[in-house]
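These notes concern the structure reproduced below.
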Amino acid sequence: MKVGFIGYGSMADLLTRQLLAHANVSPEDIIIYTRSENERLQEIHDLFPNITISKTSQAVFEQAQHTFVCVLPLAVLPVLLENKPALTKDSHVISIAAGVSVDDLKHVTTAAQYSKLIPSLTTSVGIGTSLVNHDVAVSKENQAWLDEALGTFSSVMEVAEENIDLASDLTSSSPGFIAAIFEQFVQAAVRKSDLTEAQVFQMIRNSLAGTSKLLSEQGYTFDSLIKRVATKGGITAEGVDLSQDKLPAFFDELLVRTADKYADHHAKINEQIKELF
């Protein structure tokens with residue numbers, strides 16, 4: 001069984017490495033096509049010389065039972081349209097593009113089977129969520145293969161198309177949001193003390209890592225953890241009270257802004273569909 005990749009950026013590289021390390025996929029099973037060779041492609045091929053680097057995208061679709069399409073959103077439909085003759089009832093196409101639904105993919109042809117995947121950087125360390133959405137035409141066998149392969153290095157969650165954008169904020173985007181928030185915490189501590197940025201970063205990093213372990217290994221919820229560390233009337237409670245006062249508006253605005261960006265992506269895809277079909 002061949003597993004194909006069209007495009008080879010950071011997420012394609014992450015998926016390839018994790019499938020090889022954890023799933024029942026060997027280097028001989030992998031076939032990759034990308035328009036421009038890059039350092040990631042060279043590195044993975046140096047590590048696993050038995051990986052096939054294809055000269056055409058058509059060859060990937062023809063040979064692979066499961067093909068991950070890892071190109072920019074506006075490139076997905078043109079790539080599929082270019083390879084329409086190679087898309088058959090046995091083709092399982094897995095798009096990782098934000099803003100492109102399985103219904104959008106079906107404008108090219110209804111012959112193939114389409115799944116959508118939203119991966120997350122955190123799955124590279126084996127503790128993240130892979131969001132999936134399968135079209136009704138995807139066979140039980142193909143659904144099971146994707147879910148089981150991803151499940152070897154992540155938690156797999158099937159999400160309806162109408163919820164997948166917001167769910168992406170909570171999984172794929174949240175490491176960036178969390179890093180941005182705590183970078184501001186670091187900078188505030190530096191402004192208010194003689195501690196170095198490196199010292200503050202180490203403290204915050206260890207606190208985040210420890211908090212993650214408390215949540216994942218000891219059964220804490222956010223609420224129970226707050227109650228555990230924030231004594232009523234104490235210093236920690238001051239910060240908790242402030243966060244509960246100020247952060248709801250911040251996160252409401254965050255979700256509004258990301259929803260607007262997703263809406264822009266969807267609008268561009270819809271315009272593209274009108275032009276192509």
Side-chain angles (χ1 to χ4, degrees), residues 6-15 68-81 93-108 114-124 127-136 146 150 154-188 204 208 212 222-223 240 242-277:
I6 305 293
Y8 204 77
S10 61
M11 280 302 169
D13 189 57
L14 183 156
L15 289 167
F68 293 87
V69 179
C70 305
V71 297
L72 294 174
L74 287 175
V76 174
L77 295 179
V79 164
L80 295 183
L81 194 57
V93 177
I94 306 151
S95 170
I96 72 166
V100 184
S101 70
V102 291
D103 283 341
D104 294 332
L105 304 177
K106 289 163 70 174
H107 279 88
V108 177
Y114 299 109
S115 296
K116 181 171 178 174
L117 163 66
I118 303 296
S120 172
L121 178 61
T122 57
T123 63
S124 65
I127 185 167
T129 302
S130 297
L131 303 177
V132 296
N133 178 255
H134 301 291
D135 182 58
V136 293
L146 183 60
L150 296 173
S154 68
S155 174
V156 181
M157 187 176 295
E158 186 161 356
V159 179
E161 184 65 44
E162 59 266 27
N163 295 321
I164 206 162
D165 291 344
L166 190 144
S168 299
D169 287 344
L170 304 177
T171 58
S172 182
S173 298
S174 63
F177 299 152
I178 292 167
I181 290 166
F182 281 93
E183 172 63 15
Q184 294 306 312
F185 197 3
V186 168
Q187 295 306 321
I204 294 293
L208 283 171
S212 177
F222 292 129
D223 184 60
V240 170
L242 179 64
S243 70
Q244 291 173 340
D245 180 47
K246 299 294 186 182
L247 288 180
F250 168 81
F251 283 109
D252 284 344
E253 177 66 17
L254 183 153
L255 294 178
V256 166
R257 291 194 184 194
T258 56
D260 288 345
K261 184 61 71 171
Y262 281 119
D264 182 57
H265 280 304
H266 291 303
K268 289 178 179 176
I269 294 299
N270 287 336
E271 285 299 315
Q272 186 182 54
I273 288 171
K274 291 177 184 178
E275 293 173 4
L276 292 176
F277 306 101

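Side chains included, hydrogens not; waters and symmetry mates left out as well; all remaining heavy atoms used.
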Check your understanding: Yes or no on side-chain contact (heavy atoms from CB on, under 4.5 Å) for Leu77 and Leu105, after CA distance, side-chain angles and deciding distance?
Key -> CA-CA 7 Å; Leu77 295 179; Leu105 304 177; 4.2 Å; yes
**Study point:** Side chain Asp104, main chain Ser101, donor-acceptor under 3.5 Å
**Key:**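 Answer holds: yes.
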Practice item. Measure from the side-chain N and O atoms of Thr258 to the backbone N and O of Leu254, and report whether any donor-acceptor pair falls under 3.5 Å. Key: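 Between the backbone of Leu254 and the side chain of Thr258 there is a qualifying donor-acceptor contact (under 3.5 Å).
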Taking atom [atom1] of [X] and atom [atom2] of [Y], what is their separation to the nearest 0.5 Å?
X	Y	atom1	atom2	result
Ser172	Leu121	OG	CG	8.5 Å
Ser173	Ile178	OG	CD1	11.0 Å
Phe251	Asp169	CZ	CG	11.0 Å
Ile204	Ile181	CD1	CD1	12.5 Å
Ile96	Lys116	CD1	NZ	11.0 Å

[Y] side chain reached by [X] side chain, heavy atoms, under 4.5 Å:
X	Y	result
Met157	Thr171	no
Lys106	Asp135	yes
Asp165	His266	yes
Val159	Val132	no
Leu15	Leu150	yes
Thr123	Ser130	yes

Flag if over 12 foreign heavy atoms under 6.0 Å of [atom1], [X]:
X	atom1	result
Leu72	CG	no
Phe177	CZ	yes
Leu166	CG	yes

Exercise for review: Any chance you could lay out the side-chain contact (heavy atoms from CB on, under 4.5 Å) test for Arg257 and Lys261, step after step, and finish with the verdict?
Suggested key: CA-CA 6 Å; Arg257 291 194 184 194; Lys261 184 61 71 171; over 6 Å; no
Check your understanding: Salt bridge or not for Lys274 and Glu271, using N-O below 4.0 Å?
Key ->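 Glu271 and Lys274: salt-bridged.
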